[in-house]
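Data block below; observations after.
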Amino acid sequence: MHAIGVDIGGTKIAVGVVDEAGRILAQVRRETVADDVADIDRVIAEACTELAKEHEVGAIGLAAAGFVSPDRRSVLFAPNIAWREYPLAQRIEDLLEPDVPVVVENDANAAGWAEFRFGAAREATDMLMLTVGTGLGGAIVVDRELVRGKWGVAAEVGHMRVVPGGHYCGCGHEGCWEQYASGTALVRDARQAAIAQPARAQRLVELADGGPATITGPCVTQAAQEGDELAVELLSNLGRWIGEGSASVAALLDPELIVIGGGVGAAGDLLLSPVRKAYEAQLSALGHRPVASIELAQHGNEAGIIGAADLARR
């Protein structure tokens, strides 16, 4: 049975028809307005209806950035879209032409499930997925089951506090892991370094085609791949934060595999090597226990579509 997966972002959606092997058969993208939930509903329903006319579809999965209710029907809270106790699944069903069930899933859970079922973790039984982008999302699989928790909001590992009184986080607290282990953290540190060490940051500023304020994550990755010393240090520092935090999670979950997704994965071994080094350095009982493998995600930006569709079908 084919299913439709919808990856909902702040300003756009990506919608695809996915078969049982995790292959995307057709895909469309649409622009949305983040503070207009009715517009988002309409755009999702129209895109799904369009794809359903060409493919037989049995379910629709919505990957949403936010806290999802235990019944996977509503978004309890979202940081970047005006969803508050919002019955998203019902709203979409009311607008759809095909009469198919709609389920909602956290976007990191959806991406993690795609990697578990069809990607880097397809041979594993226990997995921790980290989506390292604007924030730090997480997905946990234990004994082949996705962990949602009693209230549906498990695996928000990015909001574990790692630095008391540290950087302010959008969740309302300070010192969350994602403030140190995310693409946003990488950019913040790069811009600060460019101001404090202008001579060392020359290549970063050149790639940004402006000043320190225009440096982006891809600028850091490209400079590091060229061998720029400061950029390599910045990625190494990011990797250290990811690895040390992963070791703390491992103390609780003991995963077989840790999968790193998100845009920073483009750095490859420049990121993975310091992640692995820091992970092992902070892992308890090292030398007397198996060490989790740490690998890059395989499905990139399509993971949310694939995972949402497969979870809706299941």
Side-chain angles (χ1 to χ4, degrees), residues 1-115 117-119 131 137 139 146 148 152 299-314:
M1 177 185 71
H2 295 160
I4 289 178
V6 183
D7 191 0
I8 307 171
T11 59
K12 61 183 180 299
I13 63 169
V15 187
V17 178
V18 183
D19 69 12
E20 293 183 355
R23 295 183 294 253
I24 296 179
L25 306 178
Q27 186 175 166
V28 298
R29 294 178 182 271
R30 297 285 187 271
E31 302 295 319
T32 60
V33 180
D35 58 358
D36 187 345
V37 294
D39 177 71
I40 295 173
D41 295 345
R42 177 187 58 79
V43 173
I44 292 172
E46 289 178 354
C48 290
T49 298
E50 175 185 330
L51 289 173
K53 289 178 179 178
E54 302 295 330
H55 300 271
E56 186 175 351
V57 172
I60 295 174
L62 310 178
F67 290 179
V68 176
S69 62
D71 62 2
R72 297 193 296 158
R73 297 288 294 170
S74 301
V75 181
L76 306 177
F77 171 83
N80 300 315
I81 297 177
W83 287 326
R84 302 294 184 271
E85 312 292 339
Y86 192 75
L88 181 60
Q90 187 63 57
R91 296 293 172 87
I92 301 302
E93 287 174 349
D94 290 344
L95 295 171
L96 282 173
E97 288 185 18
D99 183 16
V100 297
V102 176
V103 299
V104 186
E105 188 58 74
N106 171 268
D107 60 342
N109 279 351
W113 187 253
E115 292 297 330
R117 286 274 287 136
F118 309 110
T131 55
L146 185 65
R148 294 189 177 90
H299 285 293
N301 292 332
E302 295 181 336
I305 295 174
I306 297 169
D310 193 64
L311 286 165
R313 177 170 36 237
R314 293 168 64 89

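Since the structure is predicted, the reported quantities are computational estimates derived from the model, not experimental observations. Positions are given from 1 along the sequence.
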Q.
Quick check: do Leu146 and Glu105 have side-chain heavy atoms less than 4.5 Å from each other?
A. yes
Q. Taking C-beta and beyond as the side chain, do Ile8 and Trp83 meet within less than 4.5 Å on heavy atoms?
A. yes
Q.
Would you say that Cys48 contacts Val6 through its side chain, given a criterion of any heavy-atom pair below 4.5 Å between the two side chains?
A. yes
(Q) Testing the basics here: between Ala114 and Gly307, what is the closest heavy-atom pair and its distance to 0.1 Å? (A) CB-N, 3.6 Å
With a 3.5 Å cut-off and sequence neighbours excluded, list the donor-acceptor pairs that the side chains of residues 60-69 form with protein atoms.
| unit_1 | atom_1 | unit_2 | atom_2 | d |
| --- | --- | --- | --- | --- |
| Ser69 | OG | Asp71 | OD1 | 2.5 |
| Ser69 | OG | Arg73 | N | 3.3 |
| Ser69 | OG | Ser74 | N | 3.1 |
| Ser69 | OG | Ser74 | O | 3.4 |

Q | CG (Asn80) with more than 12 external heavy atoms under 6.0 Å | A | no
Q) Distance from Ile92 atom CD1 to Arg42 atom CZ, nearest 0.5 Å? A) 11.0 Å
Q) In Å, rounded to the nearest 0.5 Å, how long is the span from CD1 of Ile306 to CG of Leu311? A) 12.0 Å
Q. Who passes side chain to side chain contact (heavy atoms under 4.5 Å, CB included) against Ala21, sequence neighbours left out?
A. Asp19, Arg23
Q. With Asn301, which residues qualify under side chain to side chain contact (heavy atoms under 4.5 Å, CB included), at least two apart?
A. none
Q: List in chain and number order the residues that pass side chain to side chain contact (heavy atoms under 4.5 Å, CB included) with Val28, two or more places apart in sequence or in another chain; answer none if no residue qualifies.
A: Val15, Arg30, Ala47, Glu50, Leu51
Q: Supply the atom-to-atom distance Arg91 CZ to Leu95 CG, rounded to the nearest 0.5 angstrom.
A: 9.0 Å
Q | Steps toward side chain to side chain contact (heavy atoms under 4.5 Å, CB included) verdict (Thr32, Asp39) | A | CA-CA 7 Å; Thr32 60; Asp39 177 71; 4.2 Å; yes
Q | Shortest non-hydrogen contact between Ala111 and Thr131, atoms and distance | A | CB-CG2, 4.4 Å
Q.
With side chain to side chain contact (heavy atoms under 4.5 Å, CB included) as the criterion, how do Leu76 and Glu85 come out once you've worked through the C-alpha distance, each side chain's angles and the decisive distance to 0.1 Å?
A. CA-CA 4 Å; Leu76 306 177; Glu85 312 292 339; 3.5 Å; yes
Q | Exercise: identify the closest heavy-atom pair between Arg84 and Ala78 | A | NH1-O, 2.8 Å
**Q.** Closest contact, heavy atoms only, Gly58 versus Met1
**A.** CA-SD, 3.4 Å
Q. How far does CD1 of Ile305 sit from CD1 of Ile24, to the nearest 0.5 angstrom?
A. 4.5 Å
Q. Got a sec, which residues hit side chain to side chain contact (heavy atoms under 4.5 Å, CB included) with Val103, two or more places apart in sequence or on another chain?
A. Arg72, Ala312
Q: Find the distance between CG (Asp99) and CG (Leu96) and round it off to the nearest 0.5 Å.
A: 9.0 Å
**Q.** Side chain Glu115, main chain His299, donor-acceptor under 3.5 Å
**A.** yes
(Q) Restricting to non-hydrogen atoms, name the atom on Ala139 and the atom on Gly112 that form the minimum distance, rounded to 0.1 Å. (A) CB-CA, 3.8 Å
Q: Sort and list the pairs that fulfil side chain to side chain donor-acceptor pair (under 3.5 Å) and have at least one residue in residues 303-314, not counting sequence neighbours.
A: Trp113-Asp310, Arg117-Asp310, Asp310-Arg313
